[in-house]
Amino acid sequence: MSTLPVEALSTGTVRSAAAGTGGRTAAPLAPRARLLPALAAVYRAQLSRARVARIPLLFVATFQSVGIMVLMRGVVDGGAEARAVVAGSSVLVVAFVALNLLAQYFGQLRASGGLDHYATLPVPPAAVVLGAAGAYASFTVPGTIVTAVTGSLLFQLPLTHLWVLAAVVPLAGAALSGLGAALGLLAPRQELATLLGQLGMSAALLLGVLPADRLPAPIGWARDLLPSTYGVEALARTFDPSPDWTAVALDLSVCAAVGVASLGVATWAYRRAAVR
């Protein structure tokens with residue numbers, strides 16, 4: 001039996017040549033899936049997978065954030081410091097799942113050859129990255145709400161404007177998910193991807209939960225570079241009796257811009273890892 005060499009062309013056809021004849025026939029490939037349907041399919045698949053594997057870790061993330069607030073209650077009485085602690089602890093749930101776990105997931109996917117499976121599917125690379133990022137970010141919603149409500153009651157902060165979480169969670173989740181995916185895809189080894197994810201979550205913990213005015217100037221500059229900082233600031237401002245909504249919108253806009261940039265980098269990193 002002779003072997004037929006198959007050459008996939010960028011024009012969307014496959015040409016097969018019979019050995020010794022030189023004849024070629026063209027057969028059309030299936031059309032490439034559009035972005036939105038492919039994104040929805042990857043999102044549902046990742047959400048179904050995460051529902052089984054990530055619920056215990058989500059509980060750990062929520063318990064961790066609530067525990068931090070309980071510890072800080074002994075040294076923080078109220079005011080701006082209490083607002084920073086509650087906002088930082090709430091966004092920390094997003095960082096734990098969207099940054100830490102997503103970095104580990106893509107690092108494991110790359111190390112195990114799982115990217116080859118996605119590379120054979122007729123879906124755009126952006127759909128893979130956005131679908132996985134959206135699924136992981138979606139799983140942070142219950143934990144973030146529980147943490148924010150618990151912290152507000154613990155520090156006697158108003159619950160009136162917690163609806164802003166509907167903007168903070170997806171925007172901070174997009175920024176941190178893109179960063180986590182990029183770390184996992186660019187790390188040369190799975191262990192390094194896990195380490196980078198842990199370090200990123202630790203940075204979100206230390207720089208997000210601690211009040212900004214308590215930090216030295218160089219560390220404050222590092223805080224400004226962290227994507228989750230702007231989500232923390234936006235949420236913290238809403239605990240004021242009369243929130244500055246212009247400043248809240250500006251923080252959310254910065255968070256959205258960082259999210260678009262980080263997801264773009266993650267998509268590029270996916271393309272780079274998939275062809276290797």
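Quick caveat, the model's predicted, so the values are computed rather than measured.
- Other residues, nucleotides and ligands contribute at most 12 non-hydrogen atoms within 6.0 Å of the CZ atom of Arg189.
- By the 4.5 Å heavy-atom criterion applied to side chains, Leu165 and Leu235 are counted as neighbours.
- Residues Val86 and Met69 share a closest heavy-atom pair of CA-SD, 4.0 Å.
- Within the structure, side chain to side chain donor-acceptor pair (under 3.5 Å) contacts touching residues 82-93 (residues at least two apart or in different chains) are Arg83-Asp240.
- Checking each of Thr267, Leu185, Leu186 against Arg272 for a side chain to side chain contact (heavy atoms under 4.5 Å, CB included) leaves exactly one that passes, namely Leu186.
- The CD atom of Gln108 sits 11.0 Å away from atom CD of Glu191, with the distance rounded to the nearest 0.5 Å.
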Audit row: Ser253, Tyr230, side chain to side chain donor-acceptor pair (under 3.5 Å) steps and yes/no: CA-CA 9 Å; Ser253 299; Tyr230 303 95; over 6 Å; no
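- Within the model, atoms OG of Ser228 and CG of Leu179 stand 9.0 Å from one another, a figure rounded to the nearest 0.5 Å.
- Side-chain contact between Gln198 and Gln104 is present, with heavy atoms from C-beta onward closer than 4.5 Å.
- One finds the OG1 atom of Thr194 at 11.0 Å from the CG atom of Leu183 (value rounded to the nearest 0.5 Å).
- Note that CD of Glu233 and CG of Asp224 are 8.5 Å apart. Values are rounded to the nearest 0.5 Å.
- Using bins of under 30°, 30° to 60° and over 60° for the plane-to-plane angle, the ring pair His161/Trp163 lands in the perpendicular bin.
- In this structure, the separation between OH on Tyr105 and OH on Tyr136 is 6.0 Å, given to the nearest 0.5 Å.
- The distance from the OG1 atom of Thr246 to the CG atom of Asp251 is 11.0 Å, given to the nearest 0.5 Å.
- Between Gly173 and Ala98, the closest heavy-atom pair is O-CB, 4.0 Å.
- Leu154 and Val93 end up in the same hydrophobic cluster when Ile, Leu, Val, Met, Phe, Trp and Tyr side chains are linked at under 4.5 Å.
- No continuous path of hydrophobic side-chain contacts links Val94 to Leu263 [ILVMFWY only; heavy atoms under 4.5 Å].
- When the side chains of ILVMFWY residues are joined at heavy-atom separations under 4.5 Å, either directly or via intervening members, Val66 and Leu159 end up in a single hydrophobic cluster.
- Taking 4.5 Å as the limit, every side-chain heavy atom of Leu99 sits out of range of all side-chain heavy atoms of Ser177.
- Side-chain rings of Phe155 and Phe239 stay apart, their centers remaining 6.0 Å or farther from each other.
- In plain terms, the two heavy atoms of Ala95 and Ala204 that are nearest each other are CB-CB, 3.6 Å.
- Put simply, Ile145 and Val169 are part of the same group of oily side chains (I, L, V, M, F, W, Y) that touch within less than 4.5 Å, one to the next.
- Contact annotation: the side chain of Thr144 never approaches that of Val91 to less than 4.5 Å [non-hydrogen atoms, C-beta and beyond].
- Follow the hydrophobic side-chain contacts under 4.5 Å out from Leu162 and you reach Leu92 in the same cluster.
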